[in-house]
Amino acid sequence: MSKLWFASAISCLAILGCSQQASNDNNGVIDELVNFSSQTTLDQNIALYNASTEYNAETRSLKVNFNTSEHAYSSISFVSEAGWDWSDLNDFNIAFDIANEGEHSTQVYLDITDGNGDNYTRSVSIPVGATKTYYAKMAGHDLQTPDGDEDVELNFMSGLRSNPDTWQSDEVNFISLWGKKNLDVSNIKRIAFSVQSALYDKTITFSKVQIRQNPAMDETFLTGIVDQYGQNAKQEFVGKIHNDQELLAARDEELSALKNGYDAETRTKFGGWKNGPRQEATGYFRTEKINGKWSLVDPLGYPYFATGLDIIRLSNTSTMTGYDFDQGLINQRKASDLTPEDSQKLNRVSNEAAKTRYVASDLRKDLFTWLPSYDEPLGKHYGYRRSAHSGPLSHGETFSFYSANLERKYADINPDFMEVWKDVTIRRMQTWGFTSFGNWTDPMFYQNDRVPYFANGWIIGNYKKVSSGNDFWAPLPDVFDPLFEERAIVTVKQVAAEVQNNPWCVGVFIDNEMSFGRPDSVASHYGIVLNTLARDGKDVPTKAEFTRVMKEKYQDIAALNKAWGTDIASWDAFNQGVEGNVESEGQLADFSILLTTYADKYFAIVNKALKEHMPNHLYLGARFPDWGMPIEVVKASAKHVDVISFNVYKEGLIKSKWDFLKEIDMPSIVGEWHIGASDSGLFHPGLIHAADQADRAKMYKDYMHSVIDNDYFVGAHWFQYMDSPITGRAYDGENYNVGFISVTDQPYKPIVQAASEVNEAMYNRRFKAQ
């Protein structure tokens with residue numbers, strides 16, 4: 001059991017520096033926030049959770065050992081009961097001198113919380129090695145609020161998930177993740193460092209924590225940051241392309257090394273394990289438990305483990321340029337559309353609309369050193385987004401540097417450069433040993449008959465909606481609205497028409513990362529139920545069904561009132577809207593029933609449509625995010641899907657977290673995961689951070705081994721094939737280094753090598769050469 005210390009009532013001034021009157025030294029230091037001169041004072045003012053510390057009096061440093069091999073969450077917090085008051089500072093940062101004496105890089109999450117309970121989460125990877133300074137801006141620079149509007153923050157106005165540094169130094173800026181960026185700096189209560197879902201114990205050593213004045217802001221930090229190839233214009237890095245000649249030379253070198261097919265000695269044409277225990281061959285992919293471990297089986301009857309990459313398409317390669325057009329000349333979305341806006345291909349506006357082009361955001365426009373005109377050849381790579389999830393513009397012009405680079409790179413081989421890219425991509429998968437294309441593969445690959453693939457569809461339409469209270473991507477469908485089932489059938493028919501009963505299709509994902517409920521609290525877990533109960537069943541079919549289920553269980557409203565501790569007048573009153581109470585055990589038991597009712601209906605509808613129109617292909621679920629997988633929903637899905645899918649953005653699969661699969665006993669698959677680094681010219685490494693590209697490759701192996709070694713998982717797909725645009729995806733601003741290839745279509749050699757080694761050895765590792 002870990003030690004747990006909480007802050008004492010000892011004066012903040014005496015132990016943790018709070019003085020606002022200290023003058024700046026030459027390095028801009030305003031105050032030492034934590035005094036490392038005494039183990040006793042530190043013990044009284046830190047809180048540890050699944051962690052321990054080692055104090056070094058000689059170096060005045062504090063080593064923190066995070067026990068993360070056995071615990072999914074481990075942390076150290078610097079806390080102040082009185083609260084730190086920095087209200088007279090308007091342009092400052094908090095800086096930490098940290099070393100890593102361990103064996104593994106350590107991704108730490110920095111959470112700073114104010115007295116209102118608001119929290120801002122950032123993250124950084126601490127590489128193995130000597131002390132470096134890591135800083136987090138608290139006020140000023142890109143955290144300032146323009147025009148006094150406290151609800152507007154420049155971090156969001158840029159449209160990037162994380163901005164370039166606002167001053168140049170050898171120090172490391174924490175990466176912005178989520179939360180309220182402009183905290184109440186008059187009452188900061190807690191500064192916490194945590195390590196989450198790591199495969200190994202991690203360690204870091206603190207030697208300084210300081211409050212510092214920000215240096216002068218580089219007023220051009222968001223100006224001219226992108227070159228003509230879509231790369232960082234202001235930074236050199238390994239693999240950067242400077243001219244077309246370099247691009248073509250790299251192309252020729254790679255093409256000469258690419259294979260054309262899997263290793264015929266060890267793999268079937270589908271990528272299955274040719275030397276493994278053969279099962280019944282059905283001509284299509286299916287599931288089977290082999291030697292006590294769940295497995296996919298390829299159409300020839302051989303064990304098959306699915307590895308591959310997501311986003312084999314151009315749809316997510318475009319970025320907002322800051323320009324827009326007369327909306328009267330834009331083809332707007334229709335209720336009958338089947339493709340979500342972020343899945344639209346490059347859809348350049350009409351020539352008539354192009355004449356109305358105007359600057360909608362100077363900030364976005366000024367990010368680029370170059371954009372083509374509409375009448376030159378590379379102007380074909382413009383597109384348009386009619387809506388956006390987040391960012392500076394709700395709609396606008398887009399440009400795909402990746403697509404433009406494909407034309408630069410392959411057009412001299414074939415004017416139809418996309419055909420060359422298609423062939424190169426297939427050969428890359430075979431050369432690197434991947435057995436499939438993952439989710440969001442362009443249907444142009446569906447009949448390639450060389451690499452298996454996973455198809456996908458989205459159920460969208462004007463059916464009624466319900467809410468979890470925290471709908472990250474979009475509100476949830478009212479699954480009891482008959483129109484939802486109609487749209488599900490239409491969606492599946494469309495996917496079926498694209499797949500054409502092709503045996504190379506492993507299966508189908510429908511929808512993605514739905515907000516079924518969050519683990520933050522009991523209320524967020526049952527958000528769908530709580531929010532739907534409060535609505536009127538006359539307008540909300542799911543609410544009407546909830547009323548029917550409760551009436552069937554209790555018959556008499558008095559019986560429900562007794563169980564719930566309520567005084568609802570009648571079933572009509574119940575149907576009109578009631579407030580749930582998560583403190584009532586009787587209500588919680590029924591909330592579980594109602595959440596199951598909702599989830600069961602959703603998966604039953606989709607399964608029915610797939611079994612009717614795509615009976616030979618596996619139903620792979622809706623890709624539960626690890627932040628939204630209530631156990632009732634997972635269990636409900638298990639009754640209808642062939643394989644349960646999860647998107648797991650962690651350092652690996654922690655065995656204890658997935659023990660529930662023993663009870664469900666279903667094959668499962670990781671639909672998304674990634675690891676990125678900050679040495680590629682991009683400003684955000686992604687959700688999981690590595691120290692550099694070599695460390696990224698090492699962490700790739702560790703993650704995949706945790707999947708291969710889990711008896712219930714039958715594969716994992718990396719998100720995604722190519723890096724995000726440096727200035728953020730047009731739909732949501734993601735600007736992550738998460739690709740196997742860069743914006744110039746250059747493979748990242750360390751991670752490619754790591755994946756090749758994992759893919760070559762995975763069957764022997766999983767089945768222990770049985």
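Predicted model only: the values in this text are computed from it and were never measured. The first residue of the sequence shown is numbered 1, and numbering continues consecutively from there. Keep in mind that the numbers below use all heavy atoms, side chains included, and drop hydrogens, waters and symmetry copies.
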Legend entry - Single hit among Ile669, Val634, Leu653 for side chain to side chain contact (heavy atoms under 4.5 Å, CB included) with Phe646: Val634
Inset, instruction - Hey, can you tell me if Tyr384 and Phe325 have their rings parallel, tilted or perpendicular (30° and 60° cut-offs)? - result: tilted
Legend entry - Reported CD1-to-CZ distance for the pair Ile426 and Phe437, which is rounded to 0.5 angstrom: 5.0 Å
Inset, instruction - Assert yes or no for the condition that the ring centre distance of Phe285 to His617 is strictly below 6.0 Å. - result: no
Legend entry - Intermediate values then yes/no, salt bridge (Lys or Arg N to Asp or Glu O under 4.0 Å), Asp626 and Arg518: CA-CA 9 Å; Asp626 52 16; Arg518 300 183 73 95; over 6 Å; no
Inset, instruction - Show your reasoning for whether side chain to side chain contact (heavy atoms under 4.5 Å, CB included) applies to Asp442 and Lys345. - result: CA-CA 9 Å; Asp442 193 309; Lys345 297 181 179 181; 3.7 Å; yes
Inset, instruction - Could you check Asp511, Thr597, Asn607 and say which one makes a side chain to side chain donor-acceptor pair (under 3.5 Å) with Tyr602? - result: Asp511
Inset, instruction - Check for a donor-acceptor pair, side chain of Asn737 on one end and backbone N or O of Leu682 on the other, with a separation under 3.5 Å. - result: no
Inset, instruction - Would you confirm whether Asp478, through its side chain, and Val466, through its main-chain N or O, come within 3.5 Å as a donor-acceptor pair? - result: no
Inset, instruction - List the steps, then state whether side chain to side chain donor-acceptor pair (under 3.5 Å) holds for Asn575 with Asp536. - result: CA-CA 6 Å; Asn575 198 46; Asp536 192 332; 4.6 Å; no
Inset, instruction - Could you pull out the closest heavy-atom pair between Leu620 and Phe454, with the gap in Å? - result: CD1-CD2, 3.2 Å
Legend entry - SB check Arg487 Glu485 (cutoff 4.0 Å): no
Legend entry - Exercise: identify the closest heavy-atom pair between Leu595 and Val529: N-CG2, 3.6 Å
Inset, instruction - Say whether Ser162 and Ser176, considering side chains only, have a donor N or O and an acceptor N or O under 3.5 Å apart. - result: no
Legend entry - Phe574 six-ring centre to Lys543 NZ/CZ under 6.0 Å and within 45° of normal: yes
Legend entry - Any donor-acceptor pair under 3.5 Å from Ser343 side chain to Thr339 backbone: no
Legend entry - Backbone of Val499 reached by a side-chain donor or acceptor of Gln447 within 3.5 Å: yes
Inset, instruction - Considering only NZ, NE, NH1 and NH2 on the basic side and carboxylate oxygens on the acidic side, decide whether Arg729 and Asp732 come within less than 4.0 Å. - result: yes
Legend entry - Neighbour count >12 (heavy atoms, 6.0 Å) for atom CD, Glu663: no
Inset, instruction - Keeping the roles fixed (side chain from Ser515, backbone from Gly517), state whether a donor-acceptor pair exists under 3.5 Å. - result: no
Inset, instruction - Evaluate the criterion side chain to side chain contact (heavy atoms under 4.5 Å, CB included) for residue pair Lys553 and Arg548; output intermediate values, then yes/no. - result: CA-CA 9 Å; Lys553 176 178 178 179; Arg548 187 197 68 78; over 6 Å; no
Inset, instruction - Would you verify whether the NZ or CZ of Arg623 falls within 45 degrees of the ring axis of Trp440 while also being under 6.0 Å from that six-membered ring's centre? - result: yes
Legend entry - Within the 6.0 Å centroid threshold, strictly below: Phe445 and Tyr453: no
Legend entry - Between His381 and Ser403: side-chain donor-acceptor atoms closer than 3.5 Å: yes
Legend entry - Spatial distance of atom CG (Asn735) from atom CG (Asp723) [nearest 0.5 Å]: 10.0 Å
Inset, instruction - State whether a side-chain donor-acceptor pair under 3.5 Å links Ser400 with Thr317. - result: yes
Inset, instruction - For residues Thr319 and Pro725, report the shortest heavy-atom separation together with the two atoms involved. - result: CB-CB, 3.9 Å
Inset, instruction - Taking the six-membered ring for Trp and the single ring otherwise, decide whether the centroids of Phe713 and Trp658 are under 6.0 Å apart. - result: yes
Inset, instruction - Could you check Asn759 against Thr435 for side chain to side chain contact (heavy atoms under 4.5 Å, CB included), going step by step and ending with a plain yes or no? - result: CA-CA 8 Å; Asn759 290 331; Thr435 60; over 6 Å; no
Inset, instruction - Could you tell me which non-hydrogen atom of Ile460 sits nearest to which non-hydrogen atom of Arg333, and how far apart they are? - result: CD1-NH2, 3.5 Å
Legend entry - Donor-acceptor under 3.5 Å (Arg386 side chain, Glu341 main chain): no
Inset, instruction - State the CD1-CG distance between Ile330 and Asn347, to the nearest 0.5 angstrom. - result: 9.0 Å
Legend entry - Enclosure of Lys608 NZ (heavy-atom neighbours >12, cutoff 6.0 Å): no
Inset, instruction - Look at atom NZ of Lys422 and say whether more than 12 heavy atoms of other residues, nucleotides or ligands are closer to it than 6.0 Å. - result: yes
Inset, instruction - Using distance alone, with no hydrogens and no angle criterion, decide if Glu632 and Ser592 have a side-chain donor and acceptor under 3.5 Å apart. - result: yes
Inset, instruction - Taking His674 for its side chain and Gly686 for its backbone only, find out whether a donor-acceptor pair lies under 3.5 Å. - result: no
Legend entry - Crowding at CG, Asn331 (>12 non-hydrogen neighbours, <6.0 Å): no
Inset, instruction - Decide whether Asn316 and Tyr731 meet the rule of one side-chain donor and one side-chain acceptor closer than 3.5 Å. - result: no
Legend entry - Exam field: side chain Asp337 to backbone Lys334, donor-acceptor pair closer than 3.5 Å: yes
Legend entry - Cationic N near anionic O, under 4.0 Å, Asp600 to Lys635: no
Legend entry - Salt-bridge contact Arg450-Asp423 (side-chain N to carboxylate O under 4.0 Å): yes
Inset, instruction - Report the residue from Val495, Val492, Thr491 that forms a side chain to side chain contact (heavy atoms under 4.5 Å, CB included) with Val508. - result: Val495
Inset, instruction - Kindly indicate, with the supporting measurements, whether the criterion side chain to side chain donor-acceptor pair (under 3.5 Å) is fulfilled by His717 and Ser436. - result: CA-CA 9 Å; His717 290 143; Ser436 66; 2.9 Å; yes
Inset, instruction - Could you tell me if the ring centre of Tyr721 sits under 6.0 Å from that of Phe740? - result: no
Inset, instruction - State, without any angle test, whether Asp449 and Asn502 hold a side-chain donor-acceptor pair at a distance under 3.5 Å. - result: yes
Inset, instruction - Tell me whether the centres of the aromatic rings in Trp673 and Tyr703 are closer together than 6.0 Å. - result: yes
Inset, instruction - Measure from the ring center of His640 to the ring center of Tyr619 and say whether it is less than 6.0 Å. - result: no
Inset, instruction - Run the ring-centre check on Phe434 versus Trp718 and record whether the distance is less than 6.0 Å. - result: no
Legend entry - Lys465 to Tyr463 six-membered ring, cation-pi geometry met (6.0 Å, 45°): yes
Inset, instruction - Salt-bridge test for Arg385 and Asp342: reply yes if a basic N is under 4.0 Å from a carboxylate O, no otherwise. - result: no
Inset, instruction - Step by step, work out the side chain to side chain contact (heavy atoms under 4.5 Å, CB included) result for Asn439 and Glu672. - result: CA-CA 9 Å; Asn439 201 39; Glu672 289 183 22; 5.6 Å; no
Legend entry - Short side-chain to backbone donor-acceptor contact, Asp471 and Ser468, under 3.5 Å: yes
